[in-house]
Amino acid sequence: MRLYDTRTRVVRPLQLQREGHVGIYVCGPTVQARPHVGHLRSAVALDVLHRWLLASGLEVTFVRNVTDVDDKIINDAQANGEPWWALSTRMTRAFTQAYDSVHVLPPTVEPRVTGHIPQIIALIELLVANGTAYASEGDVYLSVRSVPTYGEISNQNPDALRQGAADASLKRDPLDFALWKSAKPDEPSWPSPWGPGRPGWHIECSAMAVEYLGTTFDLHGGGLDLVFPHHENENAQSTAAGHGFARHWLHHGLITAAGGEKMSKSLGNSVLVTDALEATPPAVLRYALGTSHYRSTVEWSDTVLSESAAAYARIETFVRNATEAVAGVEPGESKVSWEEFAAAMDDDLNVSSALATIHNGVRAGNALLAAGELPALAATLAEVRRMLAVLCLDPVTDWPTSGSSELTPVVDALVQLAVEARADARERKDWTQADALRDRLAAAGITLEDTAGGVRWRLT
RNA sequence: GGCCGGGUGGCCGAGUGGCUUAGGCAAGGGCCUGCAAAGCCCUGUACGCGGGUUCGAUUCCCGCUCCGGCCUCCA
C-alpha cells in the first residue's frame, strides 16, 4: 500500500519493519473539553486506515494516546473548582463515547501521559546525559540546534522560523522547547531528578510510542495542525535519543466551519459531537466524515450532511432490499470488483474512488434485483457489503437501525393492519381510500413501497 | 516573509497527456407503478488566469491570481 509521507512529501510504499505487522502511533486528544466534529474526523480518518490494514490481512498495533495533564486542563479545572484529574477523566469518557458513536475501532493501546511519567523521565535523562538537553532551574529543554535534522518533518528552516514570545529567559536558544516543566504552586507534579514538575507537551508521545512500538516503528499519524511544532519536536527528541522513530508520517486534513475557517475550540466555531448527533444519524455522520479523502479539508455544512444522508440512504436501501431478496440463494458471479476497490484503497486511501466502485456495485445490484438475477445479485451484494465494512458503512452489521428495535415487531404488526386495509381498498380499486391510508402512514413517518414481492415499509 | 495543500461541470468530489463514463447530490426526459415509493435507462453544462513544451494539455513546466493550513495551544 502507498501513502503520502509528510517528511518526504511524496506518496510512497508503506514499508513495514516486520512482515505482516504494522505499528502505528496516533496523537490522540488533549482531554480538556468535550470533543467536536473535528476530533471525530481525525478518529474516523485514521479508523479507515486501521480497518483497511486489517482488511489487508495485517496485524495492527494501533496506539492512540490521551494527553491527560497539561496547562489548559489545569487552568480549566481550577476555573471549575474541580481537581484536574476529575476534568480529564470526565473528558476522556466523553471522547470515548464520541468515538463509539461512530464505531471507531478501539486502539490496541490507549496510553495516558500520567501513566508513563517514569518512561518520560528516563527519556529526558537520556537526552540530558548525551548533551542534547539541558536543565535550567527545574525545567529541562531540548537544544534544538543540536539536532541537525530539525525541520525535516515540517520542511522548515530553523533560521526562518518566527521566534515565539520571549519567555526565553531559561532557554539557551529561543527555538529550544521544554521537555520538563517545574511545578508552580497548586499544580500537579511528579518528583524528578530536576525537582518536582511535569512533562512538556511533546516528550510524552516520544516516550509512549517507544514504550509500545519500539524505538523504530512504521507509521505516525495525526492532524495537519500537529506537523509543527508537535511532530517536528517529537522527531527531534527521539532522533536526539538515537531512536529511529517513525518511518512514515501521515497527516489528515481538518474540518472547517461553514465559510472555510478551521474548526477549533479556540476559534469558537466548533460543533460538539453530541450536538451533531442530535441532528444527524450516526451512520450519516460516519459517511460524511469517512468518505472524503483523509488529506482533504472537509467543510461542515448542511449541504454536506444532506448529501451524505441521501447517498447513504441509497446504499442502505439497496442492501436492505437485496438482502431480503437473496436469502438462501447460492451466490453466482459478482458485478463488482474487489480488486478495483482494493487498488483504490491501496493508493493512498483513495476513498472517493473506492466509493465510486461501491456505488457502481449498488447500481448494478439494483438492476440485477429488478431483473430477478438472484445468484449474481447475491454475489454482488456480498462484495458490496465487504467493501462497506471497510468504511464501516454496512447497514446490516454496522448500523442496524430501525430494524433492530424491540418495538419493531410491534410497529410491524400495526403497520400490517393498515397495509391490509389498504390492500382491500386497492382490491376494490378504491384509490382514494388506499391513498388516504398511505398518506396517514407517511404523516407518521412510514413510507410504503409496493414491490413485486409485496408491500414493504420503512421509517423516514 | 518562510513552508505546505488546493482551485474540475448547479453543488460535493475522483482522475488522466489524446482513447470508455469517475461517483454522489440536484435538474430534465423515458421505463416501471392505478398513482406513488424504490429502482433502471438516457441527457446536459468541466477542468482559476496567462505563457511555454508537445502533433495534441484539464493533466507536464514557468509566472500570476484566489482560497485554506502551519510558523503560538489545537485532531
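Numbers restart at 1 for each chain; the letters A, B, ... are given by sequence-line order, proteins then strands. The analysis underlying the following values was restricted to heavy atoms, covering all of them including side chains, and did not include hydrogens, waters or symmetry mates.
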Trainee: Which part of the nucleic acid does A/K429 contact within heavy-atom distance under 4.0 Å: base, sugar-phosphate only, or nothing?
Mentor: nothing
Trainee: State which of B/A38, B/G23, B/A75 makes the closest approach to the side chain of A/R458.
Mentor: B/A38
Trainee: Starting at atom CZ of A/F318, determine the distance to atom C1' of B/A37, rounded to an integer number of angstrom.
Mentor: 18 Å
Trainee: Please report, rounded to the nearest Å, how far the C1' atom of B/C71 is from the NE2 atom of A/H231.
Mentor: 16 Å
Trainee: Decide whether a cation-pi geometry holds between A/R386 and A/F341; the criteria are a distance under 6.0 Å from NZ or CZ to the six-membered ring centre and an angle within 45° of the ring axis.
Mentor: no
Trainee: Please classify the nucleic acid contact of A/L40 as base, sugar-phosphate, or nothing, using heavy-atom distances under 4.0 Å.
Mentor: nothing
Trainee: Categorize A/D450 for me: base, sugar-phosphate, or nothing, with a 4.0 angstrom heavy-atom threshold over every strand shown.
Mentor: base
Trainee: Check the distance between B/C73's P and A/E232's CD and give it to me in whole angstrom.
Mentor: 14 Å
Trainee: Look at the aromatic rings of A/H251 and A/W249 and report parallel, tilted or perpendicular, splitting at 30° and 60°.
Mentor: parallel
Trainee: When you measure from the side chain of A/P229, which nucleotide among B/C71, B/A75, B/G39 comes out closest?
Mentor: B/C71
Trainee: Categorize A/H251 for me: base, sugar-phosphate, or nothing, with a 4.0 angstrom heavy-atom threshold over every strand shown.
Mentor: nothing
Trainee: Have a look at A/G151 and say if it touches a base, only the backbone sugar-phosphate, or nothing, with a 4.0 Å heavy-atom cut-off.
Mentor: nothing
Trainee: Please determine, for the side chain of A/H293, which listed nucleotide (B/A14, B/A75, B/G39) has the closest atom?
Mentor: B/A14
Trainee: Parallel, tilted or perpendicular: which describes the rings of A/H202 and A/H230, with under 30° parallel and over 60° perpendicular?
Mentor: tilted
Trainee: Look at all strands and tell whether A/S292 reaches a base, only sugar-phosphate, or nothing, counting heavy atoms closer than 4.0 Å.
Mentor: nothing
Trainee: Please give the nucleotide sitting opposite B/C55 as a Watson-Crick or G-U wobble pair, both distances under 3.5 Å, or none.
Mentor: B/G18
Trainee: Specify the separation, in whole Å, of atom CG of A/L224 and atom P of B/C70.
Mentor: 8 Å
Trainee: Between B/G56 and B/C4, how far is it from one P atom to the other, in whole Å?
Mentor: 32 Å
Trainee: Taking the P atom in each of B/U21 and B/C35, what is the distance between them to the nearest angstrom?
Mentor: 36 Å
Trainee: Please name the nucleotide paired to B/G39 by Watson-Crick or G-U wobble geometry with both distances under 3.5 Å, or report none.
Mentor: B/C31
Trainee: How far, in whole Å, is B/G23 from B/G69 if one measures between their P atoms?
Mentor: 32 Å
Trainee: Categorize A/G222 for me: base, sugar-phosphate, or nothing, with a 4.0 angstrom heavy-atom threshold over every strand shown.
Mentor: sugar-phosphate
Trainee: Looking at A/D71 and A/R198, does any basic side-chain N land under 4.0 Å from a carboxylate oxygen?
Mentor: yes
Trainee: Find the distance A/R320:CZ to B/A38:C1' and express it as a whole number of Å.
Mentor: 8 Å
Trainee: Should B/C70 form a Watson-Crick or G-U wobble pair with both distances under 3.5 Å, which nucleotide is its partner?
Mentor: B/G2
Trainee: Would you indicate which nucleotide in B/G34, B/G69, B/C40 comes nearest to any side-chain atom of A/R363?
Mentor: B/C40
Trainee: Quick one: do A/E187 and A/K181 make a salt bridge, cutoff under 4.0 Å?
Mentor: no
Trainee: Looking only at the side chain of A/D225 (C-beta and beyond, no hydrogens), which of the listed nucleotides B/A14, B/C73, B/A75 gets closest?
Mentor: B/A75
Trainee: Among the nucleotides B/C4, B/A38, B/G69, which one has an atom lying closest to any side-chain atom of A/K262?
Mentor: B/G69
Trainee: Look at the side-chain N and O atoms of A/S306 and state whether any lies under 4.0 Å from the OP1 or OP2 oxygen of B/C25.
Mentor: no
Trainee: Under the side chain to side chain donor-acceptor pair (under 3.5 Å) rule, what do A/S334 and A/E383 come out as? Steps first, then yes or no, please.
Mentor: CA-CA 7 Å; A/S334 170; A/E383 287 292 69; 4.9 Å; no
Trainee: From the options B/G34, B/C11, B/C4, select the nucleotide whose nearest atom is closest to the side chain of A/A434.
Mentor: B/G34
Trainee: With a 4.0 Å cut-off on heavy atoms, is A/A370 in touch with a base, just the backbone sugar-phosphate, or nothing at all?
Mentor: nothing
Trainee: Please report, rounded to the nearest Å, how far the P atom of B/G69 is from the CE atom of A/M263.
Mentor: 13 Å
Trainee: Where the side chain of A/E261 is concerned, which of B/A75, B/G69, B/C70 is the nearest nucleotide?
Mentor: B/G69
Trainee: Need one value for A/Y4: base, sugar-phosphate or nothing, where a base atom within 4.0 Å counts as base even if backbone is also close, heavy atoms only.
Mentor: sugar-phosphate
Trainee: Closer than 4.0 angstrom, basic N to acidic O: yes or no for A/R145 and A/D159?
Mentor: yes
Trainee: Given the structure, check if the side chain of A/N155 and the base of B/C70 hold any donor-acceptor pair shorter than 3.5 Å.
Mentor: no
Trainee: Taking the C1' atom in each of B/U53 and B/C62, what is the distance between them to the nearest angstrom?
Mentor: 11 Å
Trainee: By nearest nucleotide on RNA chain B, pick out whichever of A/L355 and A/N366 is the more 5' one.
Mentor: A/L355
Trainee: What nucleotide among B/A37, B/G34, B/C12 has an atom nearest to a side-chain atom of A/T447?
Mentor: B/A37
Trainee: Please report the distance, rounded to the nearest Å, between NE2 in A/H230 and C1' in B/C4.
Mentor: 19 Å
Trainee: Can you tell me the base-pairing partner of B/U65? Count Watson-Crick or G-U wobble geometry only, both distances below 3.5 Å, and say none if there is no partner.
Mentor: B/G7
Trainee: With a 4.0 Å cut-off on heavy atoms, is A/R428 in touch with a base, just the backbone sugar-phosphate, or nothing at all?
Mentor: nothing
Trainee: Rounding to an integer number of angstrom, what distance separates B/G48 and B/G68 when you compare their C1' atoms?
Mentor: 15 Å
Trainee: Tell me: NE2 of A/H359 to C1' of B/G24, nearest whole Å?
Mentor: 5 Å
Trainee: Are A/R438 and B/A37 close enough that a side-chain N or O sits under 4.0 Å from OP1 or OP2?
Mentor: no
Trainee: Taking only the side-chain heavy atoms of A/E449 (C-beta and beyond), determine which of B/G24, B/A22, B/A38 contains the nearest atom.
Mentor: B/A38
Trainee: Which part of the nucleic acid does A/S264 contact within heavy-atom distance under 4.0 Å: base, sugar-phosphate only, or nothing?
Mentor: base
Trainee: More 5' along RNA chain B: A/D347 or A/H202, using each one's nearest nucleotide?
Mentor: A/D347
Trainee: Using a cut-off of 4.0 Å on non-hydrogen atoms, how would the nucleic acid contact of A/R426 be classed: base, sugar-phosphate, or nothing?
Mentor: base
Trainee: In whole angstrom, give me the gap between the P atoms of B/C71 and B/C42.
Mentor: 50 Å
Trainee: Taking the same atom, C1', in B/U58 and in B/G15, what whole-Å distance lies between them?
Mentor: 10 Å
Trainee: B/C19 and B/G1: how far apart are their P atoms, nearest whole angstrom?
Mentor: 40 Å
Trainee: Applying the side chain to side chain contact (heavy atoms under 4.5 Å, CB included) test to A/I358, which of A/L393, A/L391, A/T291, A/V351 qualifies?
Mentor: A/L391
Trainee: Check whether any side-chain nitrogen or oxygen of A/N350 sits under 4.0 Å from OP1 or OP2 of B/A14, and answer yes or no.
Mentor: no
Trainee: Just to verify, which of A/L417, A/L437, A/D430 counts as forming a side chain to side chain contact (heavy atoms under 4.5 Å, CB included) with A/R422?
Mentor: A/L437
Trainee: Heavy atoms only, 4.0 Å cut-off, all strands: where does A/D70 land among base, sugar-phosphate and nothing?
Mentor: nothing
Trainee: Assign A/D71 to base, sugar-phosphate, or nothing according to its heavy-atom contacts below 4.0 angstrom with the strands shown.
Mentor: nothing
Trainee: Are more than 12 heavy atoms, taken from residues, nucleotides or ligands other than A/R90, located less than 6.0 Å from that residue's CZ atom?
Mentor: yes
